[in-house]
Protein chains: 2
Amino acid sequence: MPHDHAEACPGCADPSAAFAPHDHTHCAADVLARAEVLAGAAGARLTPVRRRVLEILLESHRAMGAYDVLNRLSAEGFGNQPPVAYRALEFLEEQGFVHRIRRLNAFAACMHPGESHAPVFLICRTCQSVAEAAGAPVRAAVEAAAAGMGFAVERTTVEALGLCPACAGAAA
Amino acid sequence: MPHDHAEACPGCADPSAAFAPHDHTHCAADVLARAEVLAGAAGARLTPVRRRVLEILLESHRAMGAYDVLNRLSAEGFGNQPPVAYRALEFLEEQGFVHRIRRLNAFAACMHPGESHAPVFLICRTCQSVAEAAGAPVRAAVEAAAAGMGFAVERTTVEALGLCPACAGAAA
DNA sequence: TCTATGTATGTAATATCATAACACGTCAAG
DNA sequence: CTTGACGTGTTATGATATTACATACATAGA
């Protein structure tokens, strides 16, 4: 999971620090840059609307509803109808730049574009922040359980609701 | 997971047969009876609407939307406004008699009331049937991943989309 | 028994999330 | 320079869910 800039961007680089305060401006810029490269390589076009949606989601480690994104877009002169937001979000999700958080009916920027994917989402019920944890071991357990029933897993969604370190500390 | 009636109710009794054809009338009646006992023990009232909602969901191993349930209810003389369905579903979910399938914005009867809970849901994308698999190992993997990030898990949602044995066979 | 209290149900209105269908503009390939 | 694919914008509608309030109903305490 760690990418380059490990020193400059602890929050991005180290999964165990995802909830810790970090230089988020850098963190977001780094992810955006990576997304641009990946989109180019995939022959996908990161147009102004799409790019802006990704930037908006990258402003925080929170999930945002499609209409929240849309409000931001329309305030900036883009279209103000739902499909504008949904289409950009759908594109970004297909590219793996954005994740859909089903529990919240919302979307969050992927902090590890181009990597493993299908992570586990850790959703803080107090501050609404969303972090990604490695999903491979969890998916393996799901596949094991499914195999015993003859079920062929194609996609898994794993979302955990709870308290992030900061909020757990504040509660205590 | 297996309960009594193992011979009479293979579909209910054996997780590995949940997708297999079985005496579903019996299966549903058995789950309903267990729910009644559990509700009584918990001091919760399984009123006519609530009971009927559970029966409706037990008619199949599929997930139903709240409005589908509501249509059935109103056709039978119960209220015809959304809160009627949502309240009953919420109650049943709190009692552990119904699960919410977030991926589908829908609800499915729990086939193992009173047992472990927080299972993994296996959702067939072709026939829409939903089965429950043991969730404990998966939850353990989630908690392990979360612990490494200092996140305290309270609830987890695990949903796998794929093909049930019957539909996988038909596809091949 | 009566009444107070909590709980369940019914209803109206509205909020929130999401998609279908069509029009228009841009740009690159033929 | 035209065609076709794609992206964006807009209208309209559909699907999911909740808030707020009114009414009934059960049951425990006076």
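To find a chain, count down the sequence lines: A is the first, B the second, and so on, and within it residues start at 1.
In terms of phosphate contacts, A:Arg50 brings a side-chain nitrogen or oxygen within less than 4.0 Å of OP1 or OP2 of D:dT8. Note on A:Arg100: a side-chain N or O is less than 4.0 Å away from OP1 or OP2 of C:dA18. Put simply, B:Asn105 has a side-chain N or O that comes within less than 4.0 Å of OP1 or OP2 on D:dA17.
One interatomic measurement links the two molecules: CD of A:Glu76 to P of D:dT8, which rounds to 15 Å at whole-angstrom precision. When rounded to the nearest whole Å, the span between CZ of B:Arg103 and P of C:dA18 equals 13 Å. To the nearest angstrom, P of C:dA8 lies 17 Å from CG of B:Leu73. At whole-Å resolution of the value, CD in A:Gln81 and P in D:dA12 are 10 Å apart. As rounded to whole Å, 12 Å separates atom C1' of C:dT16 from atom CG of A:Asn71. If you measure from atom CG of B:Leu46 to atom P of D:dA26, you get 15 Å, rounded to the nearest angstrom. Rounded to whole Å, atom P of C:dC17 lies 14 Å from atom CZ of A:Arg102.
Residue B:Arg62 holds its CZ atom at 13.5 Å from CD1 of B:Ile101, rounded to the nearest 0.5 Å.
Judged by the 6.0 Å distance and 45° axis criteria, A:Arg100 is not positioned over the aromatic ring of A:Phe107.
The hydrophobic cluster containing B:Val142 does not contain A:Ile123, counting ILVMFWY residues as joined when their side-chain heavy atoms lie under 4.5 angstrom apart, directly or transitively.
Contacts between residues 83-94 of chain B and DNA chain C, defined by a heavy-atom separation below 4.0 Å, involve B:Pro83, B:Val84, B:Arg87, listed by number.
The base of C:dA15 is not paired with the side chain of A:Tyr67 by any donor and acceptor separated by under 3.5 Å.
Between B:Ala44 and B:Pro82, the residue whose closest nucleotide on DNA chain C is further toward the 5' end is B:Ala44. Nearest-nucleotide positions on DNA chain C place B:Thr47 closer to the 5' end than the other of A:Leu104 and B:Thr47.
For the pair A:Arg52 and A:Glu55, the salt-bridge criterion is met [side-chain N within less than 4.0 Å of a carboxylate O]. Ion pairing between B:Glu59 and B:Arg72 holds under the 4.0 Å rule for side-chain N and carboxylate O.
Nearest to the side-chain atoms of B:Arg45 among the listed nucleotides D:dA17, C:dA8, D:dG7 stands C:dA8.
Centroid-to-centroid, the aromatic rings of A:His22 and A:His61 come within less than 6.0 Å.
Applying the salt bridge (Lys or Arg N to Asp or Glu O under 4.0 Å) criterion to B:Arg125, with sequence neighbours excluded, gives A:Glu154.
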